[in-house]
Chemist: 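This structure is in structure tokens; I'll ask about it shortly.
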Amino acid sequence: VSGLVSATSARPEVPLARYVQRLEGVRRLGREQGLDAVLIGPGADLRYLTGYAAPLLERLTILVVPVEDGRPVLIAPRLEELPARACPTAEARVIDVRPWQETEDPIALVGHLVGPAHALAVSDRLWATFVLGLQRAIPGAAFTLASSVMKPLRIVKDEDEIALLRLAAEAADRAVDQIAAGRLLDRTEAQVARDVRGRLIDEGHELAEFAIVGSGPHSASPHHEATDRRIEAGEPIVLDIGGRLGGYGSDITRTIWVTGGDKTRGPDSAFLELYGVLRDAQAAARDAIRPGVACGRLDAVAREIIAAGGFGPHFIHRLGHGIGLEEHEEPYLVAGNDLRLAPGMAFSVEPGIYLEGRYGARIEDIVVCGVDGPTVLNGVTRDLRVVEG
Ligand code: ZN
Ligand code: ZN
Ligand code: ZN
């Protein structure tokens, strides 16, 4: 993976007080919901609560948060003890670390810690093999999903999280600018995608996560995987790229048109019309963002404009997804979602129009819902970029 992971380590840090606050939030919500304990396996939930980015292993790592009293305990395999102890909450003794040896049974350890519980919540992404083991070890308990406590906490970003999302967005903006200004013609999608990953890292991401480069007819496939197809003059490229910075995701899409320096190979009038409708739809959805608006309504704002432009059947996915420690998380901007926006929610606004076999376009920004309107984190132009390539 050389070239995909950055060597720089100077990242803004989430202050300890935030973690303390989040753990208190788990307890408060857990108490309200009548839970005895909340059990959190590796993943975004664990990182959110402790600062520990635990590896996903067949050996169990799990944070046990008792709802009433007692410090949370991070059960971790012995060979992961050092990184576990180095996370900010363990270092500050906000949580205890309990390493388990190869011959110990970590599931039984959880059982001992939890005692005779009757209501436990487990993180949504905990593997079935562990959940079933826990159910056997603690037979009297009802198991529910910890998203009941984690979702209300994680869906509203605090200032530290918004600062990281902003840094990630700005880094992705710079990468898009560089790609649009660089060589495209006659290069393969895969070569451009590799270039994208390098630039995401150079601009400050610790991880380059995805680089969709959909050229020509491939631009009509929303999640196209970069191939060995060579980029030609007279076609669009949908560039959808993102990574992680300080754990937080970037995700931006811009559409570029490559002329190859040939004036006759500019965007045709049909594409310009499509793009104009798309631009209007994306702008209207962005402008409609404010507290109290239902997620499904935002999707409708964009969809109505695209339908009025005659492209209704060609907008084949939801308007957007939440973003934070996960690339896709709550809230989802999709028809039927009555969830109302609240200040601090962060999500993508990414309508697309796809004409199969021909071409397509998408515009995507990350936006935070502010107290009285949108805060758009991406700043790079949303105009169709017509470049020589
Ligand atoms: Zn996507
Ligand atoms: Zn995207
Ligand atoms: Zn997205």
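Not measured: the values here are computed from a predicted model. We count ligands from 1, going down the list as the structure has it; atoms in each ligand are counted the same way.
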Chemist: Do any of the N, O or S atoms of Glu327 sit under 2.8 Å from the Zn ion (ligand 3)?
Modeler: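 Here the distance criterion (N, O or S atom, under 2.8 Å) is not met by Glu327, so no.
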Chemist: Side-chain contact, heavy-atom cut-off 4.5 Å: Asp251 with Phe210?
Modeler: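 Result yes, sub-4.5 Å side-chain heavy-atom pair found.
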Chemist: Quick test of your reading of the model: are Lys151 and Glu326 salt-bridged, counting only N-O distances below 4.0 Å?
Modeler: no
Chemist: My understanding is that only residues two or more places apart in sequence, or in another chain, count here; which of them pass side-chain contact (heavy atoms from CB on, under 4.5 Å) with Ala190?
Modeler: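 For Ala190 the side-chain contact (heavy atoms from CB on, under 4.5 Å) partners, ignoring immediate neighbours, are Thr188, Asp228.
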Chemist: Just checking: Asp240, one of its N/O/S atoms, less than 2.8 Å away from the Zn ion (ligand 3), yes or no?
Modeler: no
Chemist: Where the Zn ion (ligand 3) is the corner point, what angle links OE2 of Glu364 with OD2 of Asp251, to 10°?
Modeler: 90°
Chemist: Looking only at N, O or S atoms, which one in Glu350 sits nearest to the Zn ion (ligand 3)?
Modeler: OE2
Chemist: Checking Leu272 now: which residues fulfil side-chain contact (heavy atoms from CB on, under 4.5 Å) with it, not counting sequence neighbours?
Modeler: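 Testing Leu272 for side-chain contact (heavy atoms from CB on, under 4.5 Å), a comparison that skips the adjacent residues, returns Pro267, Leu384.
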Chemist: Using a distance threshold of 2.8 Å, state whether an N, O or S atom of His321 lies below it from the Zn ion (ligand 3).
Modeler: yes
Chemist: Taking all heavy atoms of Leu46 and all of Gly41, pick out the closest pair and write down the distance.
Modeler: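 Minimum heavy-atom contact is CB-O, 3.3 Å.
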